[in-house]
Amino acid sequence: MNLLGWLQLILFLGVLFLITKPLGIHLYKVLTPGEKPFLGAVFGPIERLFYRLLGIEAKSEQGWLAYTGSMLVFSLVTCLFTYAVLRLQYYLPLNPQKFAGLAPHLAFNTAMSFTTNTNWQSYAGESTCSYFSQMVGLASHNFWSAAVGIAMAAALVRGIARATSKTLGNFWVDLTRVTLYVLLPICVVYALFLVFQGIPQNFQGYTAVTGPDGFAQTIAQGPIASQIAIKMLGTNGGGFLNANAAHPFENPTPLANFIQMISIFSIGSALTYYLGKMVKNQKHGWSVWSAMVILFVAGALVCWWAESHPSHLFGEMGIRAADGNMEGKEVRFGVFNSALFATITTDASCGAVNSMHDSFTPLGGLVPLFNIELGEMIFGGVGAGLYAILIFVVISVFIAGLMVGRTPEYLGKKIEAYDVKMAVLYTLVGAFTILGFTAWGAVSQTAQAGLNNGGPHGLTEILYAFSSGTGNNGSAFAGLTANAPWWDVALGIAMFLGRFWMIIPMMALAGNLVGKKIAPTSVGSFPVSGATFTLLLVGTIVIVGGLTFLPALALGPIVEHFIMTGSAKLY
Amino acid sequence: MKRKENSIFDGKILLPALWDAVKKLNPKHLVRNPVIFVTEVGALLTTLQIFRHHVAGESAGYVIQISLWLWGTVIFANFAEAVAEGRGKAQAKTLRNARTKTNATRLDRNGIPTTVSAEELKKGDVVLVTANEVIPADGEIVEGAATVNESAITGESAPVIREAGGDRSAVTGGTTVLSDWLKVRVTAGAGESFLDRMISLVEGAQRRKTPNEIALSILLSGMTLIFMAVILSLRPLGLYGGLFFSITVLVSLCVCLIPTTIGGLLSAIGIAGMDRMLQKNVLAMSGRAIEAAGDVDVLLLDKTGTITLGNRQATEFLPAPGVTPLELADAAQLASLADETPEGRSIVVLAKEFGIRAREIHELPNAKFVPFTAQTRVSGVDWDGRSIRKGASDSIIKFSKGNCPPEVLADVERISRAGGTPLLVADEIRVLGTIQLKDIVKGGLPDRFKRFRAMGIRTIMITGDNPLTAAAIAKEAGVDGFLAQASPEDKLALIRKEQAAGHLVAMTGDGTNDAPALAQADVGVAMNTGTQAAKEAGNLVDLDSNPTKLIEIVEIGKQLLMTRGVLTTFSIANDVSKYFAIIPALLLGAYPEIAPLNIMHLGSPQSAILSAVIFNAIIIVLLIPLALRGVQFRPLGAGAILRRNLLIYGLGGVVSPFVGIKLIDVTIRFLGWA
């Protein structure tokens with residue numbers, strides 16, 4: 001842990017803080033009917049033309065059922081579309097390497113993965129997918145699934161902010177406007193910046209060269225920059241290349257690395273400002289933001305510390321350990337930027353990696369895993385992070401709200417049995433899916449055929465895979481050969497449950513909240529800003545959300561850590 | 001007389017409660033409480049393990065201990081509920097004694113009496129009740145007036161007057177007529193009377209879960225389900241690493257993690273809330289009403305009787321120029337001697353402060369008292385050649401033939417503007433001065449209203465006075481607003497307006513014309529002296545008929561919700577330390593390297609698990625007094641209360657089990673249990 005690391009951490013937090021408000025205001029204008037967002041003059045006509053072509057009644061709003069139903073139909077159709085593209089890619093254009101179609105289980109896993117904003121990759125991009133599949137089949141989902149997440153979060157926030165109403169907005173309008181005014185313009189500029197940093201953007205076939213050391217190499221390339229921009233901004237994380245952000249063509253420079261990390265958090269952070277603006281309580285927005293920062297910094301410091309202090313066994317095995325654990329890390333990023341990236345990518349449900357989490361020390365690897373299991377609400381997936389933390393706000397307010405001697409109230413809305421039921425259902429789905437599949441994987445011979453490590457480390461690999469799938473993160477602990485029918489299908493189902501079966505109770509909650517009246521605030525109202533609230537929220541997330549997984553973590557990374565320190569044994 | 005407060009440690013309640021706690025082990029009863037039901041299933045599973053060990057010829061001592069403590073956990077939770085119910089049952093028994101079998105004298109349409117049993121009475125029957133008879137049923141007096149002893153219901157032994165017509169015409173079955181007679185029209189048949197309802201309410205027979213209790217139960221059930229998933233998945237996860245977790249260990253961990261503390265105390269808290277209301281002599285028609293009382297943020301308070309003492313009182317004599325205060329006081333007293341109104345008596349009392357001894361009417365044999373009439377609108381006395389009168393300023397000025405010094409007129413003007421009532425005193429045509437009559441605000445109220453403001457509750461005074469007077473009194477009492485010249489319709493409209501703005505409103509009322517407002521208010525407290533209609537409309541009945549009690553009702557409601565909140569927080573916070581006790585114990589056998597995680601340095605895996613289970617069981621017993629008494633109530637803002645309770649019960653909930661489990665571990669190792 002060195003000064004340079006501390007300075008970068010402070011710089012990162014500073015930049016994140018600075019972009020939160022302007023981007024938050026932009027999101028507010030995009031997501032609020034009647035507001036004119038930046039670039040409205042340019043995209044307005046396109047937006048209206050689009051509505052006319054698709055027959056969307058932009059002015060009419062939907063209740064929670066219609067809103068959720070539209071989203072489900074949209075997701076189903078686009079998922080089937082991608083499945084078809086992946087299966088048929090051999091017959092489709094832009095396939096200079098002449099890749100065959102994907103096997104059914106892999107195509108299912110990949111289509112589900114991109115539809116749910118997970119971007120778990122059981123395939124290796126450069127050796128499996130054509131440019132057409134990457135750009136049309138996969139990158140399109142990077143935009144759509146991100147826009148869907150933001151739309152869902154906006155619907156929940158409207159449910160909280162509107163008094164005695166029935167509607168939560170229009171899904172098709174939100175989807176269109178977010179894509180048109182937020183994701184596309186930023187990505188155009190962002191992709192150009194990445195090209196400037198050295199990322200390729202072309203349609204050429206792979207280049208065969210003989211390197212200076214005499215080995216023949218195939219250099220993969222293609223329309224990479226355009227894909228990386230949305231992969232980070234939309235917290236998708238699916239790399240064009242198998243090595244993801246560790247590959248120099250995806251993440252060439254420290255500056256590109258820094259901007260990529262910022263872009264992962266940017267929309268999640270701005271959405272807290274949007275929340276504050278919508279509920280007319282900016283302090284509440286910043287309190288939620290602060291809770292996220294506290295959890296983020298805590299995770300980053302633990303991970304950084306663990307990676308800076310590897311076991312002496314590394315040195316004894318001839319691995320240079322003076323700078324920390326460099327196994328599986330890129331020299332151009334070093335320990336700090338690898339640990340920070342790993343924390344960020346799992347706080348958010350991004351899943352891009354610039355180092356191999358599997359090679360982290362047990363405690364260093366525990367941090368990304370724990371982050372995912374907390375529910376990825378530390379800025380989180382675009383939109384998904386906000387609605388996840390708001391579910392925990394509802395739970396915190398309910399438990400602690402009673403303590404002030406009133407029926408629990410969140411921003412003037414009473415939290416009653418139905419709301420609690422939906423919030424609890426949301427957390428149940430997550431916990432059941434992760435623990436259920438992991439338990440199955442732990443005793444299934446078929447599942448264990450894919451493991452590359454034994455002992456507690458192998459268990460961590462299974463737990464990580466299902467946490468990542470259910471949490472729609474998509475990063476892999478690696479060490480797992482996941483492209484096998486059992487893994488493809490099991491993870492595909494986990495991703496499906498973790499996305500849609502959590503969205504449904506969340507939207508039901510939004511639909512119930514929107515109909516409630518708002519009680520005026522007084523000194524007797526539950527305070528939803530300030531240090532007490534922030535710490536309460538952090539405590540609830542850790543105790544109610546995180547501790548659920550402590551027994552499982554104890555059998556994986558925790559026991560591995562003590563075996564390493566106590567018995568000098570590595571897995 | 002206050003209802004006797006039952007001590008929590010009353011043997012008469014504790015012993016039957018212990019037996020009830022065993023009877024409540026019936027799964028049919030427990031299934032209503034999912035957390036404790038899961039605990040019981042766990043206890044059953046471990047008990048079955050004892051037999052398995054026995055058959056296998058292994059020592060089952062440890063499993064026996066664990067299962068005993070698990071059954072103990074269930075019994076302790078049942079015991080908490082039984083104690084809370086026991087207190088209500090004791091009260092119900094007293095009430096039931098009042099419902100002795102009586103005969104009634106029923107009058108038919110022609111007034112011919114027949115003697116029937118009280119149980120045969122139907123709604124609409126008319127009965128005659130004479131002195132020393134028990135009123136056979138709830139009813140409305142149609143004829144007569146009598147003194148009635150209502151101590152059976154209110155615990156208050158002083159008799160009250162009940163008469164036909166007006167707001168004091170309701171009588172309650174089970175009360176006794178002391179003198180005179182009443183003709184009563186029965187309003188509730190046998191089994192539906194107020195007394196019957198009261199008995200079933202305090203016994204908890206009609207207790208339904210309140211909305212907030214339901215919401216909390218859902219959260220607790222959800223957490224129980226999550227922890228069950230954790231425990232169920234632990235077995236396969238262990239098998240992966242070659243670890244075999246026994247059912248005893250898994251059940252122990254499960255019971256420790258699920259929120260048994262709050263799950264076990266939840267219904268006791270609710271019952272105790274109703275009981276605390278009853279200690280204050282307030283009868284809650286449902287648990288929901290008590291909860292709503294905690295949510296109230298607007299209080300509508302009637303001026304008369306609640307904010308001010310019943311009547312206006314003389315507070316000052318303001319003599320006219322050239323008149324001594326003594327002279328005015330003397331004349332004022334003479335003029336008021338025959339005035340039996342409270343205002344008149346207060347003038348006599350005030351005059352005494354000037355050293356004038358109280359004169360009795362018979363001391364003035366030749367005096368001719370002039371009573372107040374609507375025509376003259378003055379009263380007074382003709383005595384000793386003097387003709388002394390007192391009355392409203394315009395009437396006295398007329399009496400004194402327009403002869404009134406400007407200084408006196410100025411006094412009159414000033415008193416009126418300050419919300420008081422000026423009375424002038426004149427001797428023939430000589431105006432002697434002014435008596436100031438004022439509403440007396442009850443002591444301590446402004447302070448109390450200030451405390452309410454700190455909690456975010458607004459107080460609004462309701463009065464029939466004109467706006468000027470109302471404003472002056474409102475200012476003196478320190479209420480946040482007032483409704484002057486209020487009609488029942490205005491009151492109803494005000495409640496609707498506040499509710500539309502998202503507020504929850506509480507009010508008290510006794511008259512029939514209060515009934516619509518009582519029904520509309522979120523919390524309506526009806527006075528027991530009030531009419532049947534008012535009592536039907538309210539959701540709380542104050543047996544003492546003390547309107548100020550609304551304030552205490554709100555405090556009890558808040559206390560109930562707070563108690564639930566702090567125990568939930570405490571229960572959940574406890575899990576942190578239990579993980580630290582049990583997880584090392586789970587793994588120590590297979591991975592001795594995990595020893596440093598045993599930060600409490602518990603003796604052995606067995607003693608660690610047993611200690612956690614024991615702590616989990618006895619914490620329920622230790623918290624029963626808190627559950628029944630409720631957390632201490634402080635009139636602070638929500639932020640301050642939250643910080644305080646989070647520190648005590650949140651942080652305390654994280655830390656205290658570390659200490660508790662360690663102590664138990666040391667003890668059981670000392671005793672050689674594990």
Side-chain angles (χ1 to χ4, degrees), chain A residues 395 398-408 412 415-417 419-421 424-425 427-428 431-432 435-436 438-440 442-443 448 455-456 458-459 462 517-520 522-527 530 532 535-536 539 543-544 547-552 554-555 558-559 562-563 565-567, chain B residues 211-212 214-216 218-219 222-223 225-227 229-230 232-234 236-241 253 291 294-295 297 454-457 501-503 557-559 561-562 564-566 568-569 572-573 575-576 579 583 586-587 591-597 637-639 641-643 645-646 649-650:
Chain A
I395 293 176
F398 181 76
I399 296 173
L402 282 172
M403 284 201 291
V404 306
R406 276 212 202 176
T407 297
I415 305 298
E416 291 159 305
D419 312 302
V420 174
K421 199 186 284 174
V424 166
L425 207 56
T427 51
L428 274 180
F432 275 35
L435 291 171
T438 306
W440 186 9
V443 289
Q448 281 164 34
L459 188 67
I462 303 175
K517 49 183 181 183
I518 296 180
S522 72
V523 286
S525 311
F526 186 84
T532 312
L535 291 178
L536 168 73
I543 293 181
V544 178
L547 287 190
T548 309
F549 296 98
L550 202 60
L555 285 164
I558 294 177
V559 102
F562 284 107
I563 291 174
T565 51
S567 301
Chain B
N212 179 264
I214 292 171
L216 187 52
I218 290 172
L219 179 77
M223 294 185 68
L225 278 173
I226 289 181
F227 286 122
V230 170
L232 288 175
S233 66
L234 205 49
L237 291 186
L239 286 177
Y240 169 89
L253 180 58
E291 235 166 51
D295 283 344
D297 57 357
M455 293 189 292
I457 298 174
H503 294 287
K558 286 201 172 294
Q559 208 186 15
L561 294 172
M562 278 184 202
R564 247 179 231 156
V566 299
T568 307
T569 307
I572 294 170
D575 279 359
V576 177
Y579 275 119
I583 287 180
L586 282 180
L587 304 181
Y591 304 110
E593 299 92 339
I594 202 133
L597 197 61
I641 295 178
L642 180 65
R643 264 193 301 282
N645 285 339
L646 271 179
Y649 298 97

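Quick caveat: nothing in here was measured; it's all calculated off a predicted structure. Chain letters run A, B, ... following the sequence lines, proteins first and then strands; every chain starts at 1. Values below: all heavy atoms of this structure, side chains included; hydrogens, waters and symmetry mates excluded.
Remark: the backbone N or O of A439(A) is not paired with any side-chain donor or acceptor of Y240(B) at under 3.5 angstrom. Counting only distance, with no hydrogens or angles, the side chain of Y579(B) and the backbone of L547(A) share a donor-acceptor pair below 3.5 Å.
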Which is it for T565(A) and E593(B) under the side chain to side chain contact (heavy atoms under 4.5 Å, CB included) test, yes or no, and what are the steps along the way? CA-CA 8 Å; T565(A) 51; E593(B) 299 92 339; over 6 Å; no
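Nearest heavy atom pair, residue I583(B) against residue A554(A), reads CG2-CB, 3.4 Å. Residue N212(B) comes nearest to P408(A) through the heavy atom pair ND2-CD, 3.6 Å, listed as atom of the first residue, atom of the second, then distance. In terms of heavy atoms, F398(A) sits closest to L216(B) at CZ-N, 3.5 Å. In this structure, L225(B) and F432(A) approach most closely via the heavy-atom pair O-CE1, 3.6 Å. In this structure, I214(B) and A417(A) approach most closely via the heavy-atom pair CG2-CB, 4.0 Å. Residues P527(A) and G639(B) share a closest heavy-atom pair of CG-CA, 3.8 Å.
Taking N645(B) as the reference, nothing meets the side-chain hydrogen bond (donor to acceptor under 3.5 Å, both in side chains) condition, with sequence neighbours excluded. In this view, E416(A) and K516(A) satisfy the salt bridge (Lys or Arg N to Asp or Glu O under 4.0 Å) rule, not counting sequence neighbours.
Comparing L428(A), V443(A), V424(A) by heavy-atom pairs within less than 4.5 Å of chain B, the highest count is held by L428(A). Put simply, of G401(A), A400(A), A442(A), A519(A), the one with the most heavy-atom pairs under 4.5 Å next to chain B is A442(A). Here L219(B) is the residue among L253(B), I641(B), L219(B), D575(B) with the most heavy-atom pairs under 4.5 Å with chain A. Contact count versus chain A (heavy atoms, under 4.5 Å) is highest, among V566(B), T568(B), I457(B), for V566(B). For the set I395(A), T427(A), L425(A), T548(A), the entry with the most heavy-atom pairs within less than 4.5 Å of chain B is T548(A). By number of non-hydrogen pairs under 4.5 angstrom with chain A, the leading residue of P592(B), G294(B), A573(B) is G294(B).
Counting heavy atoms from C-beta on, the side chains of L234(B) and L555(A) come closer than 4.5 Å. Using a 4.5 Å heavy-atom cutoff, the side chains of P236(B) and W440(A) are not in contact. A 4.5 Å side-chain heavy-atom check between M562(B) and V404(A) finds every atom pair outside the cut-off. Inter-residue side-chain proximity for L435(A) and I226(B) is flagged as unmet; no heavy-atom pair is nearer than 4.5 Å.
Between the side chains of D295(B) and T407(A), at least one donor-acceptor pair of N or O atoms lies under 3.5 Å.
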